[in-house]
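Remarks on the structure that follows.
Chain letters run A, B, ... following the sequence lines, proteins first, then strands; residues in each count from 1. In this text, all values refer to a predicted model and were calculated from it rather than measured experimentally.
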Amino acid sequence: MDKNYDPSQIEARWYAQWEKNGDFRMGMTGESYCIMIPPPNVTGSLHMGHAFQDTIMDALTRYHRMKGHATLWQPGTDHAGIATQMVVERQLAAEGSNRHELGRDKFLDKVWAWKAESGGNITRQLRRMGASVDWERERFTMDAGLSKAVTEVFVKLHAEGLIYRGKRLVNWDPILKTAVSDLEVEAQEENGHLWHFRYPLSDGSGHVTVATTRPETMLGDSAVAVHPEDERYRALIGKTVRLPLVEREIPVIADDYVDKDFGTGVVKITPAHDFNDYEMGQRHQLPLINILNDDASINEVAPEKYRGMDRFVARQAVVADLEALGLLAKVDDHTLMVPRGDRTHQVLEPYLTDQWFVKAAPLAQPAIEAVESGRIRFVPENWSKTYFEWMRNIQDWCISRQIWWGHRIPAWYDDDGQVYVGRDEAEVRQLHQLPADRVLRQDEDVLDTWFSSALWPFSTLGWPERTAELAKHYPTSVLVTGFDIIFFWVARMIMMGLKFMDDVPFREVYVHGLVRDASGAKMSKSKGNVIDPLDIVDGITLDALLSKRTSGMMQPQLAQKIAQQTRTDFPEGIPSHGTDALRFYFAALASTGRDIRFDTQRLAGYKNFCNKLWNAARYVNMMVAEHDLQAATVTSPGIAERWICSKMNTLITSVNQHYAIYRFDLIAAELHEFVWHHFCDWYLELSKPVLQHGEDPAGQLATARCLVSVLETILRLLHPIMPFITEEIWQGIGPLAGKSGTSLMHQPFPSPDADAHDAQAEDEIDWLQQSLLGLRQIRGEMDISPGKPLDVLVADAQAQDETRLQKLGLWLKALGRIQSLSPAGEQPPESAIAMVGQMKLLVPMAGLIDKDAELARLDKRIAKLGKEVAAAEAKLNNPAFVAKAPENVVASAREQAERQRQALTDLRNQHARISAL
RNA sequence: GGGCGGUUAGCUCAGGGGUAGAGCACUGCUUUCACACGGCAGGGGUCACAAGUUCAAAUCUUGUACCGCCCACCA
């Protein structure tokens with residue numbers, strides 16, 4: 001083995017090997033453990049969020065695979081309708097073309113070509129992360145099979161009246177010229193104005209003043225509303241006003257939606273361009289006056305002057321014209337929530353169009369019950385509240401999109417405008433007995449991408465066919481996802497799963513946090529703070545990082561600032577850390593639900609951890625090389641072996657428990673603690689005197705065997721989180737431990753063994769550690785060089801101490817660099833003392849220790865202990881404590897106080913003796 | 001307006017009624033034959049604030065402040 005751990009070397013080899021051997025293949029026998037990957041955008045690339053999420057899913061999958069479960073981690077990608085179409089349209093724009101020029105079929109060819117070109121990117125990156133997905137089962141939401149599932153679901157829901165078509169007010173993106181769902185609207189607080197306009201009463205008796213944040217919509221007003229109990233305006237109800245500029249007579253109506261205290265208490269009503277006004281329009285049978293074209297310019301319904309103007313241009317014109325007429329009462333600054341599209345970031349307009357909707361409430365009800373009853377459990381639990389909140393107020397879901405890339409809606413129209421829904425045109429004709437000469441046109445629209453994603457847990461398993469894998473792996477075990485798509489995806493999968501599979505799609509939903517940058521900001525391309533996980537893995541030079549962050553920007557003016565920040569944050573670029581270190585880092589930070597602030601220093605710490613493990617393995621390999629581990633010789637474990645096995649058993653129990661509750665942070669912390677401190681700092685050190693200087697061949701063999709077996713167990717424990725380094729080391733260590741098999745990933749995950757618990761061994765090694773700690777403190781604080789051999793005297797040794805000195809003397813001497821260890825006798829020389837229970841270890845001061853230094857050391861200890869004794873006594877002197885606290889608490893407080901008092905007395909005596917010198 | 005988080009050592013985070021923990025950073029010693037990406041020892045926190053419950057509160061209750069997120073129709 002090389003002296004230094006080099007991840008790039010190791011990681012390059014193993015993934016290809018595993019994949020070639022079919023190691024990730026779906027299991028079909030035994031208990032199912034199945035995770036569906038949240039399908040990333042097929043043309044996208046891996047970001048930190050993916051890397052984090054994939055680490056968790058891979059750790060779970062590998063853990064359960066090693067547990068012997070029939071695992072399936074189902075991979076695949078999403079066609080991401082709007083996002084992908086936008087990318088290709090941008091490419092066309094760069095070529096000076098557009099999709100309309102190209103036509104639908106040619107445009108779709110282009111998209112497929114782009115998918116073929118860039119679609120492998122994210123799956124390659126997934127491989128680099130070590131993801132043990134079953135690539136043979138990779139799916140794409142636009143595959144024939146999945147498309148068939150989409151059609152099937154659409155047709156069935158439509159037949160049941162759960163999908164309907166209707167002219168409704170929807171959120172309209174005037175750039176994309178498509179409807180989007182409520183969820184795709186991002187409301188942003190922005191500074192705007194509140195304009196107050198006077199609308200003259202038709203009878204000439206005056207005017208009412210209305211307030212609006214969108215003046216141009218007044219062109220489509222069809223009423224003015226007041227609160228029915230508003231004294232000020234009671235007399236106006238039923239009258240009409242003359243809408244300025246348009247010169248239309250519109251009624252003054254009463255509706256208790258109006259807030260008397262906001263603005264003037266009079267609201268202009270524009271049913272075709274505002275969701276509330278739409279509702280009110282329905283209640284009062286007001287006409288819907290649509291004044292916008294699909295690009296949000298003013299249409300021919302408005303007065304001629306405004307036609308063709310963009311909405312914002314029209315806004316200024318309307319304000320100017322009203323002002324000229326003396327009808328502008330005032331303008332206030334006003335902050336308002338502006339709805340913007342999550343893709344284009346443009347202001348969306350409520351717009352009246354024909355769209356397809358899913359009737360959500362009937363589907364939501366069982367989905368709510370599934371979580372209430374615990375058939376689906378959120379981790380952490382509090383996310384269920386968010387889920388309930390949304391589901392109980394769910395609105396119908398607009399599923400049609402006026403774009404080209406996606407699943408075409410399976411509906412056909414004849415020339416009379418009749419709509420027929422069916423699996424294909426032939427079925428439609430047959431079902432409705434349409435004559436062959438009846439011309440049918442398929443609906444131009446495609447479905448919302450999330451419609452197909454909602455079917456992912458069963459469409460990927462072959463539904464609507466009743467496949468064996470569907471029977472085996474549905475419902476899946478857990479969904480691992482971010483909170484941002486609970487509504488978009490999680491809720492909808494639950495609704496669709498219950499509807500079409502009659503069972504939940506997954507039993508648990510593990511909701512992880514967001515990966516943020518070092519200062520806590522969300523990573524985004526426009527902020528230039530994105531870190532590509534693979535740059536952490538492989539490393540990247542500053543120049544490459546700079547060009548990555550500043551090229552292809554939507555806002556090139558930010559490039560300089562981003563470059564500057566990047567130079568500050570990563571003056572030397574980013575060194576290579578390897579996949580295993582990054583994965584371990586993610587695991588260590590994955591405490592439930594909390595966001596991760598990316599911290600390169602902590603990450604570097606885990607790279608060091610890999611190096612530590614690597615070198616521990618080198619040591620083990622070297623030390624056991626000369627022993628025949630497979631020899632028939634029967635050995636019995638020594639005290640150190642019993643100790644490390646006992647500790648390891650505790651670890652195994654804990655790790656298994658923590659997997660069950662998704663506490664990867666605790667798993668990582670405990671593994672780190674065990675490997676570094678228990679195994680390397682202590683057990684490897686304890687093994688050295690035995691193997692190097694011991695004269696007991698059986699003991700040496702026992703030690704060698706234990707080194708190998710503990711290391712081999714460590715590798716199995718670490719493997720789900722750090723697959724590469726563990727596999728690499730295991731290839732050498734596994735056989736030494738008597739294990740056979742081509743890969744560590746199929747070895748059994750360690751399970752606890754009650755017999756391994758050994759309180760006596762733990763007590764004895766603890767005694768040894770206390771003794772060594774005491775001596776090292778003296779060395780440290782007295783500036784005695786670590787290599788300087790000591791002569792140590794022992795005083796006040798109890799019977800137990802004597803036994804332990806016998807038993808553990810070899811290690812005490814070797815690890816403490818003690819050249820002689822002897823009884824102190826009646827009149828010991830003045831010494832620095834280390835106390836281990838009653839026993840005292842004396843390091844004679846002569847020639848070694850400075851009197852003042854020792855006094856200072858004692859002062860420090862006395863002060864510290866004195867405080868503790870005072871606190872303990874105060875507690876025990878409190879009668880309420882003694883009377884009311886549980887007996888065992890009082891008893892242990894007494895015991896501890898007694899020990900501390902004794903130790904304090906010893907220290908004071910020692911201080912007095914040294915002072916007297 | 002409603003809901004959910006967070007506030008613990010310089011930094012990143014665990015802990016969650018019984019005398020404060022980790023990693024990194026810091027200080028001193030240390031290149032001894034697994035590892036200097038290392039070893040040994042050490043310093044460092046009135047656990048945001050206030051009141052309450054309790055023998056005992058960083059931990060439970062209530063309130064306050066600040067930070068963050070989600071949802072919501074006030075024109």
Side-chain angles (χ1 to χ4, degrees), chain A residues 1 3-5 187 194 210-214 217 225 257-259 261-270 274-280 334 336-337 380 382-383 385-386 389-390 393 483-484 486-487 513-514 516 518 520 522 588-589 591 593-623 663 665-666 668-669 672-673 676 680-681 684-685 688 692 772-773 776-787 817 860 867-868 871-872 874-875 878-886 888-890 892-893 896 900:
Chain A
M1 286 173 82
K3 183 171 168 184
N4 281 317
Y5 158 67
L194 192 59
V210 298
T212 181
T213 54
R214 295 187 296 151
T217 63
Y257 157 75
V258 179
D259 180 348
D261 302 321
F262 187 88
T264 59
V266 187
V267 194
K268 60 186 275 305
I269 304 300
T270 321
D274 183 280
F275 289 101
N276 294 312
D277 293 6
Y278 180 83
E279 295 292 320
M280 204 184 297
H334 184 72
L336 68 161
M337 298 300 275
N382 58 291
W383 286 109
K385 285 190 187 169
T386 306
E389 184 60 26
W390 189 69
N393 299 297
F483 56 82
D484 50 332
I486 288 180
F487 305 145
L514 216 63
R516 299 173 173 280
K522 211 167 164 170
L589 274 288
S591 61
R594 201 166 160 145
D595 287 353
I596 290 183
R597 271 191 195 212
F598 204 76
D599 175 11
T600 45
Q601 290 198 307
R602 191 155 175 182
L603 174 70
Y606 294 124
K607 164 100 188 277
N608 294 351
F609 177 61
C610 292
N611 190 55
K612 188 74 175 174
L613 178 67
W614 182 258
N615 279 290
R618 275 179 66 221
Y619 168 81
V620 172
N621 270 316
M622 271 163 17
M623 294 315 267
R663 287 304 303 270
D665 59 326
L666 300 179
H672 185 276
E673 157 88 5
W676 202 302
C680 291
D681 287 348
L684 294 192
E685 294 307 320
K688 286 176 186 174
Q692 287 166 351
L772 288 166
L773 176 67
R776 285 167 179 170
Q777 280 175 333
I778 291 172
R779 266 189 205 274
E781 289 169 49
M782 295 302 114
D783 275 350
I784 301 171
S785 135
R817 310 246 162 207
K860 209 162 72 181
K867 265 191 212 156
E868 282 172 20
K875 194 175 189 177
N878 177 359
F881 171 71
V882 180
K884 296 198 178 173
N888 61 323
V889 172
V890 177
S892 79
Q896 197 179 3
Q900 288 173 336

Any idea which of [options] is nearest the [X] side chain?
X: Glu685(A); options: rA34(B), rA75(B), rC4(B); value: rA34(B)
X: Arg776(A); options: rG23(B), rC40(B), rA72(B); value: rC40(B)
X: Gln601(A); options: rA34(B), rC70(B), rC24(B); value: rC24(B)
X: Ala880(A); options: rC37(B), rA34(B), rC55(B); value: rC55(B)
X: Asn276(A); options: rC40(B), rC35(B), rC73(B); value: rC73(B)
X: Asn611(A); options: rC74(B), rG38(B), rC37(B); value: rC37(B)

Can you tell me the distance, in whole Å, between the [atom1] atom of [X] and the [atom2] atom of [N]?
X: Lys607(A); N: rC35(B); atom1: NZ; atom2: C1'; answer: 13 Å
X: Leu613(A); N: rC37(B); atom1: CG; atom2: P; answer: 17 Å
X: Phe483(A); N: rC4(B); atom1: CZ; atom2: P; answer: 16 Å
X: Asp261(A); N: rC74(B); atom1: CG; atom2: P; answer: 16 Å
X: Arg817(A); N: rC29(B); atom1: CZ; atom2: P; answer: 19 Å
X: Lys268(A); N: rC73(B); atom1: NZ; atom2: P; answer: 18 Å
X: Leu603(A); N: rC11(B); atom1: CG; atom2: C1'; answer: 15 Å
X: Lys688(A); N: rC40(B); atom1: NZ; atom2: C1'; answer: 13 Å

May I ask you to say what [X] touches in the nucleic acid, namely base, sugar-phosphate or nothing, with a heavy-atom cut-off under 4.0 Å?
X: Asp259(A); result: base
X: Val258(A); result: base
X: Ile784(A); result: nothing
X: Phe275(A); result: nothing
X: Ala669(A); result: nothing
X: Gly513(A); result: nothing
X: Met337(A); result: base
X: Tyr257(A); result: base
X: Cys610(A); result: nothing
X: Asp484(A); result: nothing

Between [N] and [M], how many Å separate the two [atom1] atoms, rounded to a whole number?
N: rA50(B); M: rC55(B); atom1: C1'; result: 23 Å
N: rA36(B); M: rU31(B); atom1: C1'; result: 7 Å
N: rG5(B); M: rU61(B); atom1: P; result: 11 Å
N: rA48(B); M: rA57(B); atom1: C1'; result: 16 Å
N: rG63(B); M: rU53(B); atom1: C1'; result: 15 Å
N: rU54(B); M: rG43(B); atom1: P; result: 38 Å
N: rU19(B); M: rU46(B); atom1: C1'; result: 14 Å
N: rU59(B); M: rC47(B); atom1: C1'; result: 9 Å

*Between Phe609(A) and Thr386(A), which is nearer to the 5' end of RNA chain B once each is assigned its nearest nucleotide?*
Phe609(A)
*Which sits closer to the 5' end of RNA chain B, Phe262(A) or Trp390(A), going by the nucleotide each is nearest to?*
Trp390(A)
_Under-4.0 Å salt bridge between Lys268(A) and Asp277(A)_ = no
*For RNA chain B, list all stems, counting runs of three or more consecutive pairs where every pair is Watson-Crick or G-U wobble with both distances under 3.5 Å.*
B:1-7 with B:65-71, B:10-13 with B:21-24, B:26-30 with B:38-42, B:48-52 with B:60-64
*Report the relative orientation of the aromatic rings in Phe609(A) and Trp676(A); use parallel for angles under 30°, tilted for 30 to 60°, perpendicular for over 60°.*
parallel
_Angle between ring planes, His672(A) versus Tyr606(A), binned at 30° and 60°: parallel, tilted or perpendicular?_
perpendicular
Taking only side-chain N and O atoms of [X], does any of them lie within less than 4.0 angstrom of OP1 or OP2 on [N]?
X: Trp676(A); N: rG38(B); value: no
X: Asn615(A); N: rG38(B); value: no
X: His334(A); N: rA75(B); value: yes
X: Gln777(A); N: rC40(B); value: no

*State, yes or no, whether a side-chain contact exists between Val889(A) and Phe881(A) at a heavy-atom distance under 4.5 Å.*
yes
_What I'd like to find out is whether the side chain of Thr213(A) reaches to under 4.5 Å of the side chain of His334(A), using heavy atoms alone._
yes
*Any chance you could measure Phe598(A), atom CZ, to Leu603(A), atom CG, to the nearest 0.5 Å?*
5.0 Å
*If you round to the nearest 0.5 Å, how far is CE of Met280(A) from OG1 of Thr270(A)?*
10.0 Å
*Distance-only donor-acceptor test, Lys385(A) side-chain atoms vs rC4(B) base atoms, 3.5 Å*: no
*Asn615(A) side chain to Arg618(A) side chain, donor-acceptor N/O pair below 3.5 angstrom*: yes
*Take Asp274(A) and Arg214(A), measure what salt bridge (Lys or Arg N to Asp or Glu O under 4.0 Å) needs, and give me the verdict at the end.*
CA-CA 10 Å; Asp274(A) 183 280; Arg214(A) 295 187 296 151; 3.5 Å; yes
*side-chain contact (heavy atoms from CB on, under 4.5 Å) assessment of Leu684(A) paired with Tyr619(A)*: CA-CA 8 Å; Leu684(A) 294 192; Tyr619(A) 168 81; 3.7 Å; yes
*For every nucleotide of nucleotides 12-21 of chain B, 5' to 3': is a protein heavy atom under 4.0 Å from its base (B), only from its sugar-phosphate (S), or from neither (-)?*
BSSS--BB--
*Test log, rule side-chain contact (heavy atoms from CB on, under 4.5 Å), inputs Arg817(A) and Arg779(A)*: CA-CA 11 Å; Arg817(A) 310 246 162 207; Arg779(A) 266 189 205 274; 3.1 Å; yes
*Indicate yes or no for a side-chain donor-acceptor contact from Asn393(A) to the backbone of Glu389(A) under 3.5 Å, with no hydrogens or angles considered.*
yes
*asked:* Please check: side-chain N/O of Asp595(A) versus main-chain N/O of Leu514(A), any donor-acceptor pairing under 3.5 Å?
replied: yes
